[in-house]
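In what follows, a structure is listed as C-alpha cells, so that the remarks can point back to it.
All figures in this text were calculated on a predicted structure; none of them were measured in a lab.
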Amino acid sequence: MEVSTDALRANVRLLRSLLSPRTGFLAVVKANAYGHGLDLVAPLCAAEGVDMLGVHSADEVRAIRRMGVTTPVLVMGYLTAEQIAEVVDPSVHVLASTVPVLEALAAQARRLGVALPVHLKVDTGTHRQGVPPEQACEAAAAIRARGLELAGVATHFANIEDTTDHGYALGQLERFRAAVAAVEQGGAVRWVHAACSAAALLFRAADFSMVRVGISLYGHWPSKETYLSWLLEHGRNGVRLLPALAWHARVGQLKRVAAGAPIGYGLTHRPTRDSLIAVLPVGYAEGYPRALSNRARVLLRCRPAPVVGRVCMNITLVDVTDV
C-alpha cells in the first residue's frame, strides 16, 4: 500500500476552495482514515488547518491524541458511559441523540468542571441516529439544561449519492433548516453541518457553518451519479480529485497454460488459447475480494490483465499473455 501525501493535501485544498468562505471543514478519518492510515492522515489534515476531525469510536480518539494531534475531534458513533469518562474532554465533541448519552456527558462535565461540547443529531429522513425534527428544540433544551454546551446541530443525507434526482435530499435540507431555526431560538449554535462529500461537491446551500468530507478527501467521487450531477450543473469537470492510495504486488511466478486447461479452484476458467499466467502473492486474506474472481483486472506495465480463476486466500492469478 502506498499513500500519496501530495494527493491528500491537494484534495483538502481543492475541496476547501469549493466551499462558502465562512464554512468550516471537518475531515472524516474514521475507519483508519478509510484504510489510508489514521497515523498518516490525521496529522496531515491537522497541519492543513482543518477545523475538526471526524471519528466513530473512542479508540480513534485515543489514537489521535497519542499522535499529539490537538485538533478538535467529533465522535459520530455511539459511546458508552465508560468510554465517555475515559476519552471525552472539552476538545472532544460528541454527536448525541439519546438521553443516556446526555446523562453520561453531563456526569463527565461535572467531574471535569467544564461544559462539554455536544452536537445534536437530527434525523431528517435517514432513520438512523437522531431525534425527529419536531423534537429538536426540546432535545436542545435538554442538552443546555444539563450544563452542556450545544456546540452543533447536524443531520445526514439519505439519498444524495445514488441518484441525480435530489428531491429527497432537498426535502431533508428543508426539514433541517426548520429544526435549526427552532433550536437557535434558544441561542446561536457554532457548528451547523449536514453536507457529506457529495453535498460538499454539489450543494452550496448545504454548506452551513461546516461540512463533513470523507470519501472525496481520499480522491474519489462518491458515485458516478454525483459526478454526472456535477457535469449536468457545470457542463465540464472542473474538479480533479486525486486518488491517494495505490496497491502494488510483485509477480511471484509466470507460467504457461495450454488452451482449455483449467485454472484455479473449481476449474472455473479455461483459456481459449495458450496463455501466460502471472501468480500474484495476494488474495482475499490481504483484502482482495474473492467476489472479483474471473471478473476484475489488474494493471501490469500500465496495461490491463484479467483476473482468471478464483481469487485464493493468498494468491490471485491473472492472464498476462497480452502484456
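A donor-acceptor contact shorter than 3.5 Å is absent between the side chain of Ser20 and the backbone of Thr23. In this structure, the side chain of His234 does not engage the main chain of Leu231 through any donor-acceptor pair within 3.5 Å. Looking only at distances, a side-chain donor or acceptor of Ser197 sits under 3.5 Å from a matching main-chain atom of Ser216. Remark: side-chain polar atoms of Arg144 are paired, donor with acceptor, to backbone N or O of Gly187 under 3.5 angstrom.
Cluster annotation: Val122 is connected to Leu148 through the hydrophobic network of ILVMFWY side chains, with a link wherever side-chain heavy atoms come within less than 4.5 Å. Linking Ile, Leu, Val, Met, Phe, Trp and Tyr residues whenever their side-chain heavy atoms come within less than 4.5 Å leaves Leu300 and Ile277 in two separate clusters. Hydrophobic clustering (ILVMFWY, side-chain heavy atoms < 4.5 Å, transitive): Tyr34 and Val3 are in one cluster.
The two residues Pro304 and Val323 make their nearest non-hydrogen contact at O-CG2, 4.4 Å. In plain terms, the two heavy atoms of Leu217 and Leu8 that are nearest each other are O-CD2, 3.8 Å. Considering every non-hydrogen atom in both Ala27 and Cys45, the closest pair reads CB-SG, 3.8 Å. Looking at every heavy atom in both residues, Leu120 comes nearest to Ala136 through CD2-O, 3.5 Å. In terms of heavy-atom proximity, Val55 sits nearest to Val73 at CG2-CG1, 3.5 Å. Annotation for Ala104 and Ile84: closest pair CB-CD1, 3.6 Å, computed over non-hydrogen atoms.
More than 12 heavy atoms of other shown residues, nucleotides or ligands fall within 6.0 angstrom of atom CD in Glu86. In the displayed structure, Arg204 atom CZ is contacted under 6.0 Å by more than 12 heavy atoms of other residues, nucleotides or ligands. Under a cut-off of 6.0 angstrom, the local environment of CD in Glu134 is crowded, with over 12 non-hydrogen atoms contributed by other residues, nucleotides or ligands. Remark: Arg111 CZ is packed, more than 12 non-hydrogen atoms of other residues, nucleotides or ligands lying under 6.0 Å away. Summarising the local packing, CZ of Arg273 is surrounded by more than 12 heavy atoms from other residues, nucleotides or ligands at distances under 6.0 Å.
Between Phe208 and His193, the distance from one ring center to the other does not fall under 6.0 angstrom. Between His166 and Phe157, the distance separating the two ring centers is not shorter than 6.0 angstrom.
Residues Leu26 and Leu74 have side chains in contact (heavy-atom distance under 4.5 Å, counting atoms from C-beta outward). Trp191 is listed as a side-chain neighbour of His119, based on a closest heavy-atom distance under 4.5 Å. Residues His93 and Val75 are not in side-chain contact: their nearest non-hydrogen atoms beyond the backbone lie 4.5 Å or more apart.
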**Prompt:** Passes side chain to side chain donor-acceptor pair (under 3.5 Å), Thr164 versus Ser229? Steps please.
**Reply:** CA-CA 6 Å; Thr164 58; Ser229 294; 5.3 Å; no
**Item:** Evaluation steps, side chain to side chain donor-acceptor pair (under 3.5 Å), between Glu161 and Ser223
**Value:** CA-CA 6 Å; Glu161 298 175 1; Ser223 65; 5.7 Å; no
**Request:** Show your working on side chain to side chain contact (heavy atoms under 4.5 Å, CB included) between Val153 and Phe176 and close with a plain yes or no.
**Result:** CA-CA 9 Å; Val153 182; Phe176 183 58; 3.8 Å; yes
**Request:** Check the pair Asp165 / Thr163 against side chain to side chain donor-acceptor pair (under 3.5 Å), numbers first and verdict last.
**Result:** CA-CA 5 Å; Asp165 177 3; Thr163 180; 5.3 Å; no
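Checking Asp322, Thr321, Leu317 one by one against Asp319, the side-chain contact (heavy atoms from CB on, under 4.5 Å) holds for a single residue, Thr321. Tested against His156 for a side chain to side chain donor-acceptor pair (under 3.5 Å), the candidates Gln129, Lys121, Arg212 yield a single pass: Arg212.
Taking CG from Leu14 and CG from Leu19, the interatomic distance works out to 9.5 Å, rounded to the nearest 0.5 Å.
Grouping Ile, Leu, Val, Met, Phe, Trp and Tyr residues whose side-chain heavy atoms lie under 4.5 Å apart, directly or via other members, places Leu232 in a hydrophobic cluster with Leu228.
Scored by the side chain to side chain contact (heavy atoms under 4.5 Å, CB included) test, Ala205 finds Leu173, Arg177 as partners (sequence neighbours excluded).
The pair Glu60-Lys30 fails the salt-bridge criterion, with no side-chain N (NZ, NE, NH1 or NH2) lying under 4.0 Å from an Asp/Glu carboxylate O.
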